[in-house]
Number of protein chains: 2
Amino acid sequence: MENYNFTLDTAFHALADPTRRAVINRLVEGDAPVKKLAEPFDMGLPAFLKHLRVLEESGLITTRKCGRVRTCRLQPKRLSDAEAWLSEQRELWQAGADRLAAYVENQMREDDDE
Amino acid sequence: MENYNFTLDTAFHALADPTRRAVINRLVEGDAPVKKLAEPFDMGLPAFLKHLRVLEESGLITTRKCGRVRTCRLQPKRLSDAEAWLSEQRELWQAGADRLAAYVENQMREDDDE
DNA sequence: GCTATAGTTCACCATATGGAAAACTATAAT
DNA sequence: ATTATAGTTTTCCATATGGTGAACTATAGC
């Protein structure tokens, strides 16, 4: 039961917010400073910074401050981690569905033989 | 700015909790009743039911009550939806990275020619 | 040096979340 | 008819979350 995966917890939590997903969707096109990232959103800088901090603590982005401007960069590895968990679950489910289908078909064949 | 995607909001939010991910990870192996699902967890039924409701409202699972037992089933479509968003972001990022690499290489070639 | 800019910190607020305990309902099982 | 089982509802609590406005800091531009 060691399902305590801090990385997935924080990554999925970060992705659960539309503002934060929009930030990611902007950062896939390249690095950007806080000011620029915040522009499209109807909220104060403090609120926006909180979102950035959530993203940073999840590892989905990293930031670097040069002079007075902080630049944000996407960390695609963490996207892949989340994606990997999802695809694994989907594959496990698929395997079960296939097994079930094979079993059902097998039963039908036996019924035919009787 | 129509980044208001209720499906992704609720799906990622549901996936952000280790208990709920463990439930999903159990349901990929097949349907199960509430009691059985709750067994491995150190919490009361009411708390566990809240998690199930979060999963159900997100569309990640569906439930059906027969007699006094409620059976839970995974809805893999929603897993795919979340996975699709992630893979799209990764692909967009990859495209940008490729463009950048091509540009850099091009610049280096120009430098050689001078 | 003055001022505008980019970000940061702080105090505050309403609501959401994850949990507990207790009381209740409906259906099997004997 | 009793009793055990499976789930449900309700009330309550502490903490987390997402936002605000105001005050502050550090750097860039003139």
Side-chain angles (χ1 to χ4, degrees), chain A residues 1 3-27 30-73, chain B residues 1 3-27 30-73:
Chain A
M1 202 55 40
N3 253 322
Y4 219 81
N5 193 323
F6 183 75
T7 299
L8 287 177
D9 282 8
T10 55
F12 281 130
H13 171 243
L15 292 169
D17 184 282
T19 299
R20 293 191 292 255
R21 280 201 309 280
V23 168
I24 297 220
N25 189 46
R26 164 65 187 75
L27 287 180
D31 301 358
V34 171
K35 185 79 180 311
K36 201 78 183 235
L37 283 176
E39 247 169 29
F41 303 101
D42 186 24
M43 75 180 70
L45 256 230
F48 188 74
L49 279 180
K50 280 193 195 176
H51 285 300
L52 284 187
R53 220 161 291 140
V54 170
L55 284 168
E56 193 169 9
E57 279 168 15
S58 76
L60 284 165
I61 70 168
T62 53
T63 75
R64 245 180 63 219
K65 194 162 184 179
C66 276
R68 67 183 165 175
V69 41
R70 177 176 297 281
T71 302
C72 302
R73 167 169 301 180
Chain B
M1 201 53 40
N3 253 322
Y4 219 80
N5 193 322
F6 183 76
T7 299
L8 287 177
D9 282 8
T10 55
F12 281 129
H13 172 243
L15 293 169
D17 184 281
T19 298
R20 294 191 290 255
R21 281 201 309 280
V23 168
I24 298 222
N25 188 46
R26 163 65 187 75
L27 287 180
D31 302 358
V34 171
K35 186 78 181 312
K36 201 77 184 239
L37 283 176
E39 249 169 28
F41 303 102
D42 186 23
M43 76 180 69
L45 255 231
F48 187 74
L49 278 179
K50 280 193 195 176
H51 286 299
L52 283 188
R53 221 162 290 140
V54 170
L55 283 168
E56 193 169 10
E57 280 167 16
S58 77
L60 284 165
I61 70 169
T62 53
T63 74
R64 244 181 62 220
K65 195 161 184 179
C66 277
R68 66 182 165 176
V69 41
R70 178 176 295 280
T71 303
C72 303
R73 168 170 299 181

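Naming convention: chains lettered A, B, ... in sequence-line order (proteins, then strands); numbering from 1 in each chain.
- With sequence neighbours excluded, the residues satisfying side-chain contact (heavy atoms from CB on, under 4.5 Å) with A:Arg20 are A:His13, A:Ala14, A:Asp17, A:His51, A:Val54, A:Leu55.
- Non-hydrogen atoms lying under 4.0 Å from DNA chain D are contributed by B:Lys65, B:Arg68, B:Val69, B:Arg70, all within residues 51-71 of chain B.
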Anything under 3.5 Å between a protein N or O and an N or O of nucleotides 14-16 of chain D, put it in a table, one pair a line.
none

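- Inter-residue side-chain proximity for A:Asp9 and B:Pro18 is flagged as met; some heavy-atom pair is nearer than 4.5 Å.
- Summarising the geometry of A:Cys66 relative to A:Arg64, their closest heavy-atom pair is SG-NH2, 3.5 Å, with the distance given to 0.1 Å.
- The minimum heavy-atom distance between A:Ala22 and A:Phe41, with the atom names listed, is CB-CZ, 3.6 Å.
- In this structure, the side-chain contact (heavy atoms from CB on, under 4.5 Å) partners of B:Leu49, at least two apart in sequence or on a different chain, are B:Val34, B:Leu52, B:Arg53.
- At a threshold of 4.5 Å between non-hydrogen side-chain atoms, the residues B:Val23 and B:Leu60 do not count as touching.
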Pairs: protein N or O with nucleotides 11-13 of chain D N or O, under 3.5 Å:
none

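- One interatomic measurement links the two molecules: CG of B:Leu49 to C1' of C:dA22, which rounds to 15 Å at whole-angstrom precision.
- The side chain to side chain donor-acceptor pair (under 3.5 Å) check on A:Glu56 picks up A:Thr63, with sequence neighbours excluded.
- To the nearest angstrom, C1' of C:dG7 lies 17 Å from NZ of A:Lys36.
- Listed nucleotides D:dG21, D:dG19, D:dG18 differ in distance to A:Pro46; the shortest reach to its side chain belongs to D:dG21.
- Listed by first then second residue, pairs satisfying salt bridge (charged side-chain N to carboxylate O under 4.0 Å, His left out) with a partner in residues 31-49 of chain B read B:Asp31-B:Arg73, not counting sequence neighbours.
- Note that CZ of B:Phe48 is 5.0 Å distant from CG of B:Leu37, once rounded to the nearest 0.5 Å.
- The CG atom of B:Asp17 sits 6 Å away from the P atom of C:dG18 (whole-angstrom rounding).
- Summary for the helix from C:dG1-D:dC30 to C:dT30-D:dA1: the axes at its two ends, each from 5 pairs, differ by 30° when rounded to the nearest 10 degrees.
- Going from atom CG of B:Leu15 over to atom CG of A:Leu8 covers 9.0 Å, rounded to the nearest 0.5 Å.
- With sequence neighbours left out, A:Thr71 forms a side chain to side chain donor-acceptor pair (under 3.5 Å) with no residue at all.
- Atom-to-atom, CZ of A:Phe48 to C1' of C:dA6 comes out at 13 Å; the value is rounded to the nearest Å.
- Each of B:Pro33 and A:Asp42 has a nearest nucleotide on DNA chain D; the 5'-most of these lies closest to B:Pro33.
- Closest of all the heavy-atom pairs between B:Thr10 and B:Ser58 is O-CB, 3.5 Å.
- Not counting sequence neighbours, A:Arg68 has no partner by the side-chain contact (heavy atoms from CB on, under 4.5 Å) test.
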